[in-house]
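Okay, so here's the structure we're looking at.
Just so it is clear, the structure is predicted and the values come from calculations on it, not from any experiment.
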Amino acid sequence: MNQIDEERVHLASMMWESHKPLVLCALVRLGIPDLLADGPVSAEQLAERSGTHAASLNRLLRAAITTGTVTVDGARFGLTTRGELLRADVPGSMRNPLLWYGSGEKSLSWGKLDNSVRSGQDAFHHVFGRGLFEHLSEHPDKEEIFNEAMAATSGSIAHVLSDVPEIAGSARLADVGGGSGAIIAGVLAANPHMQGLLFDTESGLSGAEATVSAAGVRERCDIVPGDFFESVPGGCDAYLLKHVIHNWSDEDAVTILRHCRETMPPDAALYLVETVVPDDPAEFDAVTMIRDLNMLVLVTGRERTRTDFEQLLTAAGLELTGVSRLARPAHRSCLISASAA
């Protein structure tokens with residue numbers, strides 16, 4: 001086989017491999033992982049329990065084996081350790097992130113990636129006639145999936161942040177744009193001395209009461225609704241924004257950061273959890289670069305380099321004081337530290 005033929009095979013393989021997450025989305029929508037919680041069963045039994053066509057379900061399960069989530073022994077299918085994460089009732093469940101990944105909103109927007117490259121504007125607006133967050137606010141069922149998907153990724157990051165000395169040493173931590181509160185709940189639970197403040201829009205805070213109460217930290221956490229484009233609450237010695245800034249254009253990002261700066265006490269610190277794009281193309285990884293395009297397609301946001309963040313912070317009256325890579329499982333995210341300039 002010559003090099004051209006090898007490259008054709010490689011490209012074809014990439015195209016078919018890209019369908020694997022859609023296989024998992026179908027499994028989740030059909031409730032198959034939850035039906036396998038008690039152990040392996042046959043495709044016929046699963047079809048009866050899930051109301052599906054047995055032969056077609058068997059084909060889906062065979063495809064799922066190639067994802068490392070499903071195993072088969074004879075005619076009985078079961079879940080691998082990875083597959084257990086597709087269940088709704090397990091810690092660290094990936095169910096909602098997969099449902100968001102396979103949503104029509106996301107796939108239709110990505111189908112117009114070329115439009116975003118031509119215009120520099122998000123494809124979501126082009127397809128749906130309004131921005132992502134406005135659209136979600138008008139569709140509570142979709143917003144719930146989106147918020148829970150974001151919360152699912154926050155749980156592991158909260159565990160990592162709880163061990164970061166700068167965060168753990170805070171007396172009162174503000175989680176700005178913190179959604180349903182997975183981050184602040186996790187950090188407060190690990191640091192009994194700490195007080196917290198969770199700030200987001202009314203719709204963004206959906207589920208926050210339940211999250212912080214379940215973590216046993218409700219008495220130490222104020223839940224404050226508001227809009228960070230208008231103002232940010234004061235009275236904290238540390239301000240955390242987890243994967244907030246990448247959602248916005250440079251102009252909007254500076255506005256958010258400036259409102260944080262305006263309310264921060266002189267000795268307070270600001271922390272951003274964000275993906276940092278390497279300056280050297282040799283260090284690019286697929287996940288980071290695809291995330292960057294995802295921001296372009298969905299919200300006209302972007303992933304940024306260290307220099308980009310430094311420029312944003314400076315424009316907002318802040319000074320970048322450090323960038324450090326977070327430990328696994330948040331290893332593609334960095335903690336960016338800043339103080340008042």
Would you check if the side chain of Ser213 reaches a backbone N or O of Ala210 as a donor-acceptor pair within less than 3.5 Å?
no
Tell me if the CZ atom of Arg29 is crowded by more than 12 foreign heavy atoms within 6.0 Å.
yes
Does Lys106 NZ have over 12 foreign heavy atoms under 6.0 Å away?
yes
Side chains of Thr305 and Thr307: is there a donor and an acceptor less than 3.5 Å apart?
no
Side-chain donor-acceptor pair present, Ser42, Gln45, cut-off under 3.5 Å:
yes
Are any side-chain N or O atoms of Arg95 and backbone N or O atoms of Leu86, one a donor and one an acceptor, separated by less than 3.5 Å?
no
Side chain proximity check, Leu272 to Tyr239, heavy atoms < 4.5 angstrom:
no
Sidechain N-carboxylate O distance under 4.0 Å for Asp222, Arg172
yes
Let me see the working for Asp292 and Arg304 under salt bridge (charged side-chain N to carboxylate O under 4.0 Å, His left out), right down to the final yes or no.
CA-CA 8 Å; Asp292 183 38; Arg304 295 175 168 89; over 6 Å; no
More than 12 heavy atoms from other groups under 6.0 Å of CG on Asp114
yes
Derivation and outcome, side chain to side chain donor-acceptor pair (under 3.5 Å), residues Thr314 and Gln311:
CA-CA 5 Å; Thr314 298; Gln311 291 173 347; over 6 Å; no
For the residue pair His243 / Ser333, report whether a side-chain donor-acceptor contact shorter than 3.5 Å exists.
yes
Specify the closest pair of heavy atoms between Val244 and Glu274, including all atoms of both residues, with the distance to one decimal.
N-OE2, 3.3 Å
Ring-plane angle category for Phe146 and Phe133, please: parallel below 30°, perpendicular beyond 60°, tilted otherwise.
perpendicular
Return the CD to CG distance between Glu310 and Leu318, rounded to the nearest 0.5 Å.
12.0 Å
Check for me whether the distance between the ring centres of Trp110 and Phe124 falls short of 6.0 Å.
no
Give a yes or no on whether Glu6 atom CD has more than 12 heavy-atom contacts from other residues, nucleotides or ligands under 6.0 Å away.
yes
Considering all heavy atoms, the nearest Glu303-Thr288 contact:
CG-O, 4.3 Å
Less than 3.5 Å apart, any donor N or O on the side chain of His126 or Gln121 sitting next to an acceptor on the other?
no
Please assess Phe228 against His259 for the test ring pair (Phe, Tyr, Trp, His ring centres under 6.0 Å), listing each intermediate value before the final yes or no.
CA-CA 7 Å; Phe228 50 40; His259 285 156; 8.8 Å; no
Taking all non-hydrogen atoms of both residues, which atom of Ser170 and which atom of Ala238 are closest, and how far apart?
OG-CB, 3.3 Å
For Val299, does its backbone N or O pair with a side-chain atom of Asp122 as donor and acceptor, under 3.5 Å?
no
Answer yes if the side chains of Lys242 and Ser154 hold a donor-acceptor pair under 3.5 Å, and no otherwise.
yes
